[in-house]
Amino acid sequence: MRNRSTTRTLACLITAISAAAVTVAATPAAQAATGSVHLAKIYYNSPGSDRGSNASLNAEWVTITNSTSTARSLKGWTLTDASNHKYTFGTFTLGAGKTVKVHTGKGGNTSTNRYQNRSWYVWNNDKDTATLRKSTGAKVDTCSYNSSTAVSKTC
């Protein structure tokens, strides 16, 4: 009888340990599912005529949102259009629940605004695709639009 009792106790203990291990292993996946770093909006047709002024270039932008509960480093991440105009993030951390706006023109980088320092437009006024990639090249998100009557696309 003692052998059966010991075996039963041991089996229960193994089952409990296995269940706890599965719960611990699932926790990071559950946290990842609660949010992401993603493209939120593209404002692709800045107001007025496209004459290349810095004000007009900076009215063309893409927002990236971190909807997780953890700050994320975007160092080395890239934002590209369909023609492969590429913006690469330098040292930059996007706070938990925060959004950053990536402007086409020139300006001083802050925690909420980054600048590509370009002298001409990136985003086509009729159709284009934005792609966000990690520093490893892994695709994080894409957002496409195909409309010459709108000025922006919520992703």
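- What you find for S147 and A150 is that their closest heavy atoms are OG-N, 3.3 Å.
- Note: Y87 and F89 have perpendicular aromatic rings, judged against thresholds of 30 and 60 degrees for the angle between ring planes.
- Among residue pairs with one or both ends in residues 110-149, those qualifying as ring pair (Phe, Tyr, Trp, His ring centres under 6.0 Å) are Y44-Y145, H103-Y115; sequence neighbours excluded.
- In summary, the side chains of S36 and H38 do present a donor paired with an acceptor at a separation below 3.5 Å, with no hydrogens or angles considered.
- Of the listed residues (T65, N66, T63), just one forms a side-chain hydrogen bond (donor to acceptor under 3.5 Å, both in side chains) with T99, and that residue is T65.
- Smallest separation of non-hydrogen atoms from S119 and L57: C-CD1, 3.7 Å.
- In this structure, the side chains of T129 and D81 stay at 4.5 Å or more apart for every pair of heavy atoms.
- W61 and L79 are members of different hydrophobic clusters when ILVMFWY side chains are connected at heavy-atom separations under 4.5 Å.
- Under a hydrophobic clustering in which Ile, Leu, Val, Met, Phe, Trp and Tyr are joined whenever their side-chain heavy atoms come within less than 4.5 Å, directly or via other members, V140 and L74 fall into the same cluster.
- By the criterion of side-chain heavy atoms lying less than 4.5 angstrom apart, applied directly or through intervening Ile, Leu, Val, Met, Phe, Trp or Tyr residues, I64 is grouped together with I42 in one hydrophobic cluster.
- Both W77 and V122 are members of a single hydrophobic cluster when ILVMFWY side chains are connected at heavy-atom separations under 4.5 Å.
- Here the CD-NE2 distance, from Q116 to H85, works out to 9.0 Å after rounding to the nearest 0.5 Å.
- For the side chain to side chain contact (heavy atoms under 4.5 Å, CB included) with L132, the lone residue among V62, L39, T78 that qualifies is L39.
- In this model, a donor atom of one side chain and an acceptor atom of the other lie less than 3.5 Å apart for R51 and S49.
- What you find for A59 and P47 is that their closest heavy atoms are CB-CD, 3.8 Å.
- Nearest heavy atoms, E60 versus T104: OE1-OG1, 2.7 Å.
- Using modelled atom types, one finds no donor on one side chain facing an acceptor on the other under 3.5 Å when comparing T131 with T142.
- The OG atom of S83 sits 6.0 Å away from the CG atom of D128 when rounded to the nearest 0.5 Å.
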### Task
Show your working on side chain to side chain contact (heavy atoms under 4.5 Å, CB included) between D141 and K139 and close with a plain yes or no.
CA-CA 6 Å; D141 197 12; K139 189 184 298 182; over 6 Å; no

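- The structure places CZ of R133 at 12.0 Å from OG1 of T88, a figure rounded to the nearest 0.5 Å.
- Residues K127 and S144 are not in side-chain contact: their nearest non-hydrogen atoms beyond the backbone lie 4.5 Å or more apart.
- Nearest heavy atom pair, residue S135 against residue K75, reads CB-O, 3.7 Å.
- Residues K101 and K41 fail the side-chain proximity criterion, which asks for heavy atoms closer than 4.5 Å.
- Residues N109 and N113 are not in side-chain contact: their nearest non-hydrogen atoms beyond the backbone lie 4.5 Å or more apart.
- Put simply, the side chain of N58 gets close to the backbone of G105: a donor and an acceptor are under 3.5 Å apart.
- Every residue meeting the side-chain hydrogen bond (donor to acceptor under 3.5 Å, both in side chains) condition with D50, not counting sequence neighbours, appears here in chain and number order: N125.
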